[in-house]
Amino acid sequence: QGGGLPSVDELDRQVPGFGGFFLVRNGGPTIYLARGASRAPAERALGAYMAARGQSAAALHVREARYGWQQLQRWQDAATDGAFSVNGTVYVDNDETTNRVHIGVANIGSTGQVRAAIARHGVPDDAVIVDQVEPIVQVGGPDGIPIVQTGGMLPMRYLLFRPFLL
C-alpha cells in the first residue's frame with residue numbers, strides 16, 4: 001500500500017465499524033470506530049501511512065462512532081436534497097471530524113426549516129449539525145474555472161467535487 005493515505009472507501013472496506021478518519025491540528029491521526037470494533041484493522045489499514053510519517057500504530061486515536069461511514073454518506077445525499085430546498089443553505093458535508101452530517105447555513109434562523117426539510121428526506125435529527133457559516137462566493141478564475149472564497153473553513157473536497165453548487 002505504500003505510505004499514502006487510504007481513501008475513505010478503502011478504510012470503510014478494510015475497517016469494520018469505520019465512521020471517519022481525520023488528522024487533528026497537531027497531525028495526530030484520529031479514527032471513529034463503532035463501539036466494540038477492534039482497532040487492529042484500523043492500525044493495519046493506516047500502518048504504512050503512519051509509518052511514513054514516523055508514527056507508530058499506538059499514535060492512532062480512536063473515538064466512538066455513533067454512525068457508520070456509509071450510513072452518513074446516504075444521509076448526506078438525502079440531506080443535500082432537503083437542505084438545498086431551503087434558501088441560504090451553503091453546504092452539506094459528511095463530516096469525518098464529528099461523525100455527523102454537517103450543514104452550513106448563511107442565516108442561523110433557517111435552522112428549523114433545514115431540519116424539517118431533511119427530516120422529510122429520512123435524516124434523523126441527531127445525525128446532523130447545523131451551523132451558521134459565511135456564504136461561498138464565486139470570484140472568477142482563468143479559463144472559466146471558478147475560484148471560490150469563503151469566510152470560514154470549508155472541506156476541500158466540497159470545493160473540488162461540488163463546484164456545481166456554487
Side-chain angles (χ1 to χ4, degrees), residues 4-25 28-35 37 42 45-46 61-166:
L5 180 62
S7 72
V8 291
D9 290 332
E10 290 171 316
L11 289 170
D12 190 54
R13 279 192 303 274
Q14 296 173 22
V15 181
F18 175 71
F21 173 78
F22 64 100
L23 299 174
V24 293
R25 288 194 189 275
T30 303
I31 193 165
Y32 276 97
L33 295 176
R35 180 180 300 186
L46 293 163
H61 302 282
V62 176
R63 293 185 181 177
E64 186 176 325
R66 179 146 183 202
Y67 306 108
W69 185 257
Q70 290 302 319
Q71 179 63 68
L72 287 169
Q73 282 295 111
R74 287 188 295 274
W75 284 335
Q76 176 191 345
D77 293 342
T80 297
D81 291 338
F84 279 104
S85 71
V86 177
N87 191 29
T89 298
V90 177
Y91 66 83
V92 178
D93 179 47
N94 179 350
D95 187 351
E96 60 276 353
T97 68
T98 62
N99 190 239
R100 299 290 188 275
V101 174
H102 189 190
I103 301 173
V105 296
N107 180 343
I108 200 67
S110 65
T111 299
Q113 290 175 299
V114 167
R115 288 192 178 277
I118 64 171
R120 287 190 296 274
H121 284 82
V123 181
D125 193 61
D126 64 345
V128 177
I129 298 169
V130 180
D131 284 323
Q132 183 171 350
V133 298
E134 294 293 322
I136 300 171
V137 180
Q138 184 170 328
V139 294
D143 301 323
I145 299 172
I147 297 175
V148 297
Q149 70 183 48
T150 67
M153 187 185 91
L154 189 66
M156 182 55 74
R157 69 178 174 279
Y158 180 88
L159 298 177
L160 295 175
F161 300 116
R162 292 178 177 50
F164 57 89
L165 296 178
L166 299 176

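Just so you know, these numbers come straight off a predicted model, no measurement behind them. Residue numbers run from 1 in the order of the sequence given.
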Peer 1: Sort out for me which residue in D93, N94, T97, D131 forms a side chain to side chain donor-acceptor pair (under 3.5 Å) with H102.
Peer 2: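 The side chain to side chain donor-acceptor pair (under 3.5 Å) with H102 is passed solely by D131 among D93, N94, T97, D131.
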Peer 1: Rounded to the nearest 0.5 Å, what separation is found between the CZ atom of F22 and the OG1 atom of T30?
Peer 2: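 The distance works out to 4.5 Å.
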Peer 1: Are I118 and I103 close enough, and set up right, to give a side chain to side chain contact (heavy atoms under 4.5 Å, CB included), and what steps lead you there?
Peer 2: CA-CA 10 Å; I118 64 171; I103 301 173; 4.0 Å; yes
Peer 1: Please report the shortest heavy-atom distance between V90 and P135, naming the atom on each side.
Peer 2: CG2-CA, 4.1 Å
Peer 1: Quick one: pull up CG in D12 and CH2 in W69 and give me the separation to the nearest 0.5 Å.
Peer 2: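 One gets 9.0 Å once the value is rounded to the nearest 0.5 Å.
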Peer 1: To the closest 0.5 Å, what do you measure between CD (E96) and CD1 (I31)?
Peer 2: 11.5 Å
Peer 1: Would you find a donor on one side and an acceptor on the other, under 3.5 Å apart, between the side chain of E10 and the backbone of S7?
Peer 2: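 Yes; at least one donor-acceptor contact below 3.5 Å.
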Peer 1: So, the side chain of Y32 versus the backbone of G17: is there a donor-acceptor pair under 3.5 Å, distance only?
Peer 2: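 Side chain of Y32 to backbone of G17, a donor-acceptor pair under 3.5 Å: no, none is there.
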Peer 1: When you compare the side chain of Q70 with that of V8, does any pair of heavy atoms fall below 4.5 Å?
Peer 2: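 No; the side chains remain at least 4.5 Å from each other.
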Peer 1: Considering all heavy atoms of both residues, which atom of P6 and which atom of L46 are nearest to each other, and what is their separation?
Peer 2: CD-CD2, 3.8 Å
Peer 1: So, does N99 use its side chain to make a donor-acceptor pair with the main chain of G19 at under 3.5 Å?
Peer 2: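 Between the backbone of G19 and the side chain of N99 there is a qualifying donor-acceptor contact (under 3.5 Å).
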Peer 1: Looking at V123 and A79, what are the two nearest heavy atoms and their distance?
Peer 2: CG2-N, 3.8 Å
Peer 1: Considering all heavy atoms of both residues, which atom of A83 and which atom of V114 are nearest to each other, and what is their separation?
Peer 2: CB-CG1, 4.1 Å
Peer 1: Which atom names give the shortest non-hydrogen contact between F84 and T89, and what distance separates them?
Peer 2: CE2-O, 3.5 Å
Peer 1: Does N107 offer a backbone N or O that forms a donor-acceptor pair with the side chain of Q132 under 3.5 Å?
Peer 2: no
Peer 1: Do other residues, nucleotides or ligands put more than 12 heavy atoms under 6.0 Å from D126 CG?
Peer 2: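 Yes.
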Peer 1: As an exercise, state the distance from NE2 of H121 to CG of D77, rounded to the nearest 0.5 Å.
Peer 2: 11.5 Å
Peer 1: Of all the heavy-atom pairs spanning A117 and V86, show the shortest one and how long it is.
Peer 2: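 Taking A117 first and V86 second, the nearest heavy atoms are CB-CG2, 4.1 Å.
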Peer 1: Rounded at 0.5 Å granularity, tell me how far CD in Q71 sits from CZ in R66.
Peer 2: 12.0 Å
Peer 1: Test I129 against D95 for side chain to side chain contact (heavy atoms under 4.5 Å, CB included), laying out the working first.
Peer 2: CA-CA 9 Å; I129 298 169; D95 187 351; 5.6 Å; no
Peer 1: Report the relative orientation of the aromatic rings in W75 and Y67; use parallel for angles under 30°, tilted for 30 to 60°, perpendicular for over 60°.
Peer 2: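 Correct class here is perpendicular.
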